[in-house]
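Shown next, in structure tokens, is the structure this report addresses.
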There are 2 protein chains.
Amino acid sequence: MSHTLGVRQAQKLKTRQALLDAALELLEGQSLSSLGLREVTRAAGIAPTAFYRHFRSVEDLGVALVEEALGSLHPMIHTTVSTTDDGEERIARAIGLIASHVDAHPAHVRFVARERHGGVRPVREAIQDQLARFTAEVGQGLAEDPRSAGWSEDDLLMLAQLYVDQMLVTASLFLEAPATAPAERERVSRLAARQLRLIGIGRRHWLDVDGPSRAPAGDTPGT
Amino acid sequence: MSHTLGVRQAQKLKTRQALLDAALELLEGQSLSSLGLREVTRAAGIAPTAFYRHFRSVEDLGVALVEEALGSLHPMIHTTVSTTDDGEERIARAIGLIASHVDAHPAHVRFVARERHGGVRPVREAIQDQLARFTAEVGQGLAEDPRSAGWSEDDLLMLAQLYVDQMLVTASLFLEAPATAPAERERVSRLAARQLRLIGIGRRHWLDVDGPSRAPAGDTPGT
DNA sequence: CATTTCGGAGAACAGTTGTTGACTGCATGG
DNA sequence: CCATGCAGTCAACAACTGTTCTCCGAAATG
């Protein structure tokens with residue numbers, strides 16, 4: 001398959017990428033809903049009208065950006081969650097992975113964090129879709145872990161969601177820590193590590209029936 | 001103090017509030033960075049130029065909105081965190097409080113969620129400031145709890161941050177659940193309750209030295 | 001080699017934007 | 001009661017927006 005992609009289609013992909021790159025750079029200082037079509041084409045070095053050869057609208061470009069930012073992240077998720085490390089080493093590895101990903105693709109991370117609750121519906125939904133996929137994948141990874149014996153599927157998903165949200169919070173913190181301040185980076189790393197550690201402890205004792213307080217699982221007492 | 005606020009200043013506050021309200025409504029479908037000055041004045045029913053009598057710019061208005069959305073929330077935080085309930089009841093109460101607040105002020109919640117990572121720097125920073133205050137207050141509340149004996153101040157703050165982030169995640173989930181679907185609301189409530197429960201369990205066992213795994217607190221082993 | 005396809009450029013369109021200066025009318029304080 | 005202060009209006013500005021239609025040149029197809 002794939003006959004080396006003729007000159008014509010190659011050029012098209014190239015300018016399409018130029019549009020995506022230009023948009024991503026412009027989005028570091030504003031939200032997608034204020035990004036103008038002309039603004040993007042100007043930064044990409046093409047005529048405004050040529051934009052329509054690649055995207056129907058800026059919204060459309062935004063959806064494409066979501067795919068670019070999150071689509072390639074799934075394998076990473078899978079390999080991270082399915083390693084059989086001890087808890088403490090897995091935490092360090094996960095945080096290191098987040099940190100290096102933020103370093104490698106800061107604009108992508110910023111875009112996702114910003115538009116996750118942003119003003120453009122289709123983009124918001126595309127992000128939620130990807131995050132839901134992440135949650136499902138993490139949940140599946142957790143299910144394969146022997147430490148999850150006795151867990152209901154619902155509980156696994158709620159833990160997965162906790163992990164995914166925590167991942168985004170941590171990524172966002174790394175983003176705010178300027179590259180010039182490694183001390184700040186360290187502070188964030190240690191904070192995230194302790195939060196993951198606490199969640200891990202909660203996970204380990206989830207099925208306990210502990211001492212003086214009431215039952216940890218099962219139905220709620222009141223209502 | 002306060003001599004009933006003369007007719008003139010009362011009118012000024014009234015149109016200022018009209019501007020804030022109009023902006024907040026317009027912001028349900030877009031981000032602040034794309035909100036136009038004329039757009040706001042049009043919706044508020046005043047001339048564009050009158051805007052400058054109240055705010056220097058739309059950014060300025062955004063900062064004012066942050067104060068309106070989060071400023072009045074501090075007492076609620078304090079009373080919630082400092083009740084001496086048992087864990088399970090406290091969880092139910094906290095989630096109920098979040099749900100009813102989202103119901104009462106959906107536009108404010110949406111605004112905060114959207115602009116927390118949004119494209120307008122001063123607004124972003126105003127929100128982060130308020131959230132940092134929340135974290136500090138929750139941390140202080142936790143410190144007064146007898147269950148926090150033996151905790152370092154740093155660890156208390158990391159737990160507080162976990163709670164605050166979790167609060168925002170939950171509020172955002174309630175926001176997405178349409179008012180017409182009470183079943184969805186219930187699902188979110190139960191999800192949030194279990195997540196808080198898990199965090200609570202982690203909190204209870206934070207200082208344990210549990211079984212086969214390595215020390216839960218103290219310095220990190222490697223590096 | 002002839003024809004078709006198609007990414008891109010250019011000009012033009014009706015609207016909209018933020019900001020200015022000079023103005024009006026009315027509540028305020030002496 | 002009169003003079004000042006000030007919220008709000010109005011007209012005008014240059015600049016910018018998204019979208020349309022027409023055209024060009026070169027790659028692709030046969």
Side-chain angles (χ1 to χ4, degrees), chain A residues 1-27 29-65 118-123, chain B residues 1-27 29-65 118-123:
Chain A
M1 55 189 114
S2 81
H3 42 73
T4 46
L5 210 65
V7 178
R8 204 181 183 111
Q9 200 157 355
Q11 258 301 332
K12 176 160 185 180
L13 282 182
K14 203 168 149 192
T15 65
R16 182 191 139 104
Q17 192 59 45
L19 284 171
L20 290 171
D21 292 348
L24 203 57
E25 187 171 341
L26 290 168
L27 282 174
Q30 61 187 312
S31 305
L32 185 67
S33 78
S34 70
L35 187 65
L37 180 153
R38 293 183 105 104
E39 207 180 345
V40 179
T41 57
R42 199 183 311 133
I46 65 170
T49 53
F51 181 91
Y52 295 103
R53 304 289 180 193
H54 302 272
F55 305 100
R56 215 185 300 266
S57 64
V58 181
E59 281 191 10
D60 225 36
L61 181 148
V63 174
L65 272 181
V120 183
R121 170 99 62 101
V123 171
Chain B
M1 55 193 109
S2 83
H3 42 74
T4 48
L5 210 64
V7 179
R8 202 181 184 106
Q9 200 157 356
Q11 257 302 330
K12 174 159 187 182
L13 281 183
K14 203 169 151 192
T15 65
R16 183 192 139 104
Q17 192 58 46
L19 284 171
L20 290 171
D21 292 348
L24 203 57
E25 188 171 340
L26 290 168
L27 281 174
Q30 60 186 312
S31 305
L32 185 67
S33 80
S34 69
L35 187 65
L37 179 152
R38 293 182 104 103
E39 207 179 347
V40 179
T41 56
R42 200 182 311 134
I46 65 170
T49 51
F51 182 91
Y52 295 104
R53 303 288 180 195
H54 302 271
F55 304 101
R56 214 185 300 266
S57 65
V58 181
E59 281 191 10
D60 226 36
L61 181 147
V63 173
L65 273 180
V120 183
R121 171 96 63 98
V123 171

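Numbers restart at 1 for each chain; the letters A, B, ... are given by sequence-line order, proteins then strands.
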With a 4.5 Å limit on heavy-atom distance, are the side chains of [X] and [Y] in contact?
X: A:Phe51; Y: A:Arg38; answer: no
X: B:Val123; Y: B:Leu65; answer: no
X: B:Leu37; Y: B:Tyr52; answer: yes
X: A:Leu32; Y: B:Ser31; answer: no

When you get a sec, tell me which of [options] is the closest nucleotide to the side chain of [X]?
X: A:Arg38; options: C:dG18, D:dC6, D:dT17; value: D:dT17
X: B:Tyr52; options: D:dG18, C:dG25, C:dT20; value: C:dT20
X: A:Arg8; options: D:dA27, C:dT28, D:dT19; value: D:dA27

Rounded interatomic separation in angstrom, taking [atom1] from [X] and [atom2] from [N]:
X: B:Ile46; N: D:dT9; atom1: CD1; atom2: P; value: 6 Å
X: A:Leu19; N: C:dG7; atom1: CG; atom2: C1'; value: 12 Å
X: B:Arg53; N: C:dT24; atom1: CZ; atom2: P; value: 15 Å
X: A:Gln9; N: D:dT29; atom1: CD; atom2: C1'; value: 15 Å
X: B:Lys14; N: C:dA27; atom1: NZ; atom2: P; value: 13 Å
X: B:Arg16; N: D:dA7; atom1: CZ; atom2: C1'; value: 15 Å
X: A:Phe55; N: C:dG7; atom1: CZ; atom2: P; value: 13 Å
X: B:Glu59; N: C:dT19; atom1: CD; atom2: C1'; value: 16 Å

Contact nearer the 5' end of DNA chain D, comparing B:Ala47 with A:Thr49: B:Ala47
If you assign each of B:Phe51 and A:Val58 to its closest nucleotide in DNA chain D, which residue comes earlier from the 5' end? B:Phe51
DNA chain C: 5'-proximal contact among A:His54 and B:Leu35 (nearest heavy atom): A:His54
Tell me what [X] touches on the nucleic acid: a base, only sugar-phosphate, or nothing, going by heavy atoms under 4.0 Å.
X: A:Arg42; value: sugar-phosphate
X: A:Arg56; value: nothing
X: B:Thr15; value: sugar-phosphate

Could you please spell out the steps behind the side-chain contact (heavy atoms from CB on, under 4.5 Å) verdict for A:Glu59 and A:Val63? CA-CA 6 Å; A:Glu59 281 191 10; A:Val63 174; 5.8 Å; no
